[in-house]
S.K.: 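I have a structure here, written as structure tokens, and I will follow up with some questions on it.
Because the structure is a prediction, the values reported are computed rather than measured. A note on names: the letters A, B, ... follow the listed sequences, proteins ahead of strands, and every chain is numbered from 1.
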Amino acid sequence: MFLMNCWYVAAWDHELIDGRLLARTLLNERILLYKGDSGRVVALKDRCCHRGAPLSLGRREGDCIRCMYHGLKFDATGKCIQIPGQDNIPAKLGVRSYPVVERDHLVWIWMGEPERADPEDILDFPYLREPQWKGIPGYLHYDANYLLIVDNLSDFAHLAFVHTKTLGGSEEYAYVTKPLMMERLERGFRVERWHMDAPPPPFHKKVLPAAQKTQNVDRRNIGHMHIPGNFFLFTLFSPAGTGADKGNMDGAKEYRNCQFMTPETDRTTHHFWIYLNNFEGGDANISRSLHASLIEGFMEDKHIIEAQQRAMDEDPDFKLLAVVADAPLAHFRRTLDQLIEKERAPAA
Amino acid sequence: MFLMNCWYVAAWDHELIDGRLLARTLLNERILLYKGDSGRVVALKDRCCHRGAPLSLGRREGDCIRCMYHGLKFDATGKCIQIPGQDNIPAKLGVRSYPVVERDHLVWIWMGEPERADPEDILDFPYLREPQWKGIPGYLHYDANYLLIVDNLSDFAHLAFVHTKTLGGSEEYAYVTKPLMMERLERGFRVERWHMDAPPPPFHKKVLPAAQKTQNVDRRNIGHMHIPGNFFLFTLFSPAGTGADKGNMDGAKEYRNCQFMTPETDRTTHHFWIYLNNFEGGDANISRSLHASLIEGFMEDKHIIEAQQRAMDEDPDFKLLAVVADAPLAHFRRTLDQLIEKERAPAA
Amino acid sequence: MFLMNCWYVAAWDHELIDGRLLARTLLNERILLYKGDSGRVVALKDRCCHRGAPLSLGRREGDCIRCMYHGLKFDATGKCIQIPGQDNIPAKLGVRSYPVVERDHLVWIWMGEPERADPEDILDFPYLREPQWKGIPGYLHYDANYLLIVDNLSDFAHLAFVHTKTLGGSEEYAYVTKPLMMERLERGFRVERWHMDAPPPPFHKKVLPAAQKTQNVDRRNIGHMHIPGNFFLFTLFSPAGTGADKGNMDGAKEYRNCQFMTPETDRTTHHFWIYLNNFEGGDANISRSLHASLIEGFMEDKHIIEAQQRAMDEDPDFKLLAVVADAPLAHFRRTLDQLIEKERAPAA
């Protein structure tokens, strides 16, 4: 049960380069995505209405697609415009098309009622287009429901245990009771945490100049999670004790990370992400190192998250027990449930 | 839901050479097939009535089979005739046997009511025994319901798109509206199509003498599809414009192709086939080339047909929309449905 | 549907060496097993009560286990004793623990009501601790319900057919009608069979001195099968005709074999076994040879038993037909069914 009337990320734009046909299941639907000759991105149901063959095995012709089983041709709206060997084309022949928007290297899709699709509702993450922010787009596939990844990103507590040697750093800080600042938003939440005077975590240490690798840092994480599963993380490292928490940004290094979790099926997820930095200048190896470190960290998450999914598959009655740190994810899931319920309720 | 009271191809006879035990699932039933010392082909339920062990893991003894778990022995009718260590054999101990007929290199089986099995009902395809027709028996396994293969063979329209570079030839002809000649039969249909004055399709071109490779041909296909899923295709190529459509057979080359689709399960199929030619004389490489070309073409079909099956698995409510070219398959499926309904109806 | 209130073998003790975490599914439950620093063996539900992550991906700390997702720590009784970053630990946070007993190299677990677990009920097989009995502990995994393995061990009839060239010897003896001595026990059965004056079976022949390999032997098998699935087999070989059946043990060689079938799931089984001999003295190659021969023989069983399971999966309505030799297994299954029924009946 997914929220339908909202935008989901369907692809990075480079996945549609050169007009290639991308077959991708989204929210349990097989979708065909491609960029037509006109530059327009097209999203169609990936199943010919005639005999059910995948259109992704077909041939793109301009902005149209031809099924290569019996040659039926469909335009960008899904309308059938040619049946080889037959003059009359019944109006009912066609496949469903979906609203899509290409923006800042992301392709967004609307799987719900087309007339409610408003591109204004797409969340803006300007760092994807600002040239001083550098990074490499990433994609991972999870054998887990997308909300388990949302959960994972909703707490910083797991950094210490799952990512001790990659993204997190030492375990010690985790044992200090310190409430996270959490703000409930209408469609998500904002969390903020400072971690003062600690060695830089491994992923950050790798990209620091030699002299800074051994100096402690103050670290601030600000996370935003938005429905249906869009995560933005602002991370700042500054030399310990220089007062970054009071506004002094001298010597600070910053990261901008976004992660988009799009359900593939009820138990699998597409994970689109990028980890941007504003300090690499001309040294592309910094992006490359960060990209590799993030994959290393995500693999640690994936290992546990997919095990969670299996535990739930085995025992659908298993009730999770919350701890204090679960407040953000509890708020998120409650808000999402309400939106889904509202969407499914018959109109008054 | 299969038609039970009819003959299906169970095997090529070479699959039973040297008395070997062939375990094969047919219409969702595990069957054991073998040729006994007497030359008789035996078909038994492949499951010992004692503890359920497969008889195909057993040992053939003459025309009998011994289960090699506890040694029970069954004769060719499925009757238990020995229990090691036990003198008395209860009459109820036995496994089901099935009527089988070996004819023209094919082994036919009757999965329905045994008393209704009449070998006279087996379709005759004399080219399988006539020495001037040469070819190599083929077998393919499909992850798709057998009727999707029947559908595929019911139209020539797909030749242009699926098999452009193998069995079909150019796409152009497909766009010309030209009704196929179709004759409805009591248990199937007959279709005929002439395709005049075109380059020889790749599979045929390969086996032509060098001088003929560049000459256009007139091509005639006559197909017969019979319930439950037996297909005969007569193909003729003659030099373009020499009047083959008016009866002049000078320089014509002919093919005889049969294809038997036998359900393995609801969503998998055994596909037995041979592509015979009458012009190779002593050059066995012509059969070999045709055999390889046909496999190449069938693989193109298989790729699409198995994708259709997956589309149907995902959405059992998906309703196919017919085009004009679907008349033969529509007639076939309607006829088959009526026979199945009749078979399952309680006797008056 | 398993009998819950009884002891099952969960592991060989060497599987827990060095405090390693062993994740093992038993009776459809994922269990974590480990030996704490105190030497105590701990068995816990392998699922953190917080977010469902497997504790087997966690870290052992003394006799405790820490979940390495968010750092919750559980003691050997399953009680949560630490939540990083949170002072108050709600009493309901905890995971189920199971009674376990380590004895004679075996780890036994009680999956039913903990208050009924009495270590006195564990069957004694003293040969596991007596130094003159030598052997190598074995483990096999079966894709079959554990009762199919119990069945297999309940008759000696299959030795002749399944294990002709390994554990059994010749087929001939099987055709002689000779009742097995069977004694019904309250929770199982005892069977005994003498097989006089036959060549030694291959597994035994391999470990005999050259001069004895060609001499016939009298062979006695005594088997005990106990609920839920514990099998003890006493095997004796003595020179043919020397009167072992009348008590003369001169020149006899003996084996002690135990096999423990523990359900993993409804259709998979853990099989723990050892084949002990009392005559190898310092020649460890005898144990090694016997271990290899037994695996060879068990693989023959496994091949058939897993095929039985598939036959049952395909047709859950299939009714097995009994022969005379099935009396022991019929008694065993009836007794087990009654115990399960009694266990599940509401208390008066």
Side-chain angles (χ1 to χ4, degrees), chain A residues 144-145 147-166 168 170-180 182 193 195 299-330 333, chain C residues 2 21-32 44-61 64-74 78-98 111 263-268:
Chain A
N145 181 277
L147 289 175
L148 292 178
I149 312 173
V150 169
D151 290 351
N152 172 274
L153 294 166
S154 297
D155 79 280
F156 298 133
H158 81 280
L159 283 170
F161 297 100
V162 178
H163 304 305
T164 322
K165 295 179 180 170
T166 53
S170 78
E171 238 181 83
E172 289 165 38
Y173 185 73
Y175 299 106
V176 183
T177 305
K178 192 174 170 188
L180 184 79
M182 197 263 280
R193 191 178 79 161
H195 182 175
M299 287 299 168
E300 293 168 328
D301 289 320
K302 184 171 154 78
H303 188 51
I304 287 205
I305 290 170
E306 294 182 346
Q308 278 184 290
Q309 179 67 47
R310 288 192 296 273
M312 284 157 192
D313 289 346
E314 278 178 14
D315 181 2
D317 296 331
F318 171 48
K319 296 287 175 244
L320 304 169
L321 292 177
V323 299
V324 171
D326 295 333
L329 74 87
R333 289 199 168 216
Chain C
F2 303 117
L21 304 180
L22 177 65
R24 181 161 279 168
T25 296
L26 301 169
L27 287 69
N28 291 322
E29 293 267 326
R30 289 206 187 219
I31 306 292
L32 165 66
L44 298 174
K45 175 89 180 169
D46 188 16
R47 185 179 68 190
C48 182
C49 59
H50 171 222
R51 304 298 298 169
L55 295 178
S56 55
L57 298 182
R59 183 173 67 202
R60 188 178 60 79
E61 300 183 3
C64 301
I65 185 83
R66 185 184 299 281
C67 177
M68 286 302 277
Y69 198 173
H70 302 95
L72 277 69
K73 186 174 177 178
F74 302 90
K79 188 170 144 39
C80 181
I81 56 171
Q82 188 181 31
I83 304 175
Q86 179 174 340
D87 294 327
N88 172 46
I89 302 173
K92 66 179 174 182
L93 281 182
V95 296
R96 183 174 171 190
S97 70
Y98 302 84
M111 306 286 292
E264 182 185 52
T265 67
D266 296 323
R267 61 178 314 291
T268 57

S.K.: Once rounded to the nearest 0.5 Å, what's the spacing between atom NE2 of C:His70 and atom CG of A:Leu159?
M.R.: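 Spacing of NE2 (C:His70) from CG (A:Leu159) equals 9.5 Å.
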S.K.: Is there a side-chain contact (heavy atoms from CB on, under 4.5 Å) between C:Met68 and A:Val162? Walk through the geometry before answering.
M.R.: CA-CA 6 Å; C:Met68 286 302 277; A:Val162 178; over 6 Å; no
S.K.: What part of C:Arg51 gets closer than 4.5 Å to chain A, counting heavy atoms only: side chain, backbone, both or neither?
M.R.: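 Contact with chain A is through both the backbone and side chain of C:Arg51.
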S.K.: Which bit of A:Glu314 is near chain C, if near means a heavy-atom gap under 4.5 Å: side chain, backbone, both or neither?
M.R.: side chain
S.K.: So A:Leu321 and C:Lys92, side-chain contact (heavy atoms from CB on, under 4.5 Å) or not? Walk me through it.
M.R.: CA-CA 9 Å; A:Leu321 292 177; C:Lys92 66 179 174 182; 4.2 Å; yes
S.K.: Taking C:Gly52's backbone N and O only, do any of them form a donor-acceptor pair with A:Gln308's side chain (distance below 3.5 Å, no angle check)?
M.R.: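 Side chain of A:Gln308 to backbone of C:Gly52, a donor-acceptor pair under 3.5 Å: no, none is there.
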S.K.: Check each atom of A:Glu171 against the heavy atoms of chain C and say whether the ones under 4.5 Å are side chain, backbone, both or neither.
M.R.: side chain
S.K.: Is C:Arg47 close enough and on-axis enough to A:Phe318, meaning under 6.0 Å and within 45°, for cation-pi?
M.R.: yes
S.K.: Quick check: closest heavy atoms across C:Pro84 and A:Phe161, and the distance to 0.1 Å?
M.R.: CG-CZ, 3.5 Å
S.K.: Name the option with the most non-hydrogen atom pairs under 4.5 Å to chain C; the candidates are A:Asp155, A:Thr164, A:Leu148, A:Ile305.
M.R.: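 Between A:Asp155, A:Thr164, A:Leu148, A:Ile305, the count favours A:Asp155.
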S.K.: Check this for me: C:Lys73, atom NZ, are more than 12 non-hydrogen atoms of other residues, nucleotides or ligands nearer than 6.0 Å?
M.R.: yes
S.K.: Are A:Val323 and C:Leu93 packed together at the side-chain level, in the sense that at least one heavy-atom pair is separated by less than 4.5 angstrom?
M.R.: yes
S.K.: Quick one: closest heavy-atom pair of A:Asp326 and C:His50, and the distance?
M.R.: OD2-NE2, 2.7 Å
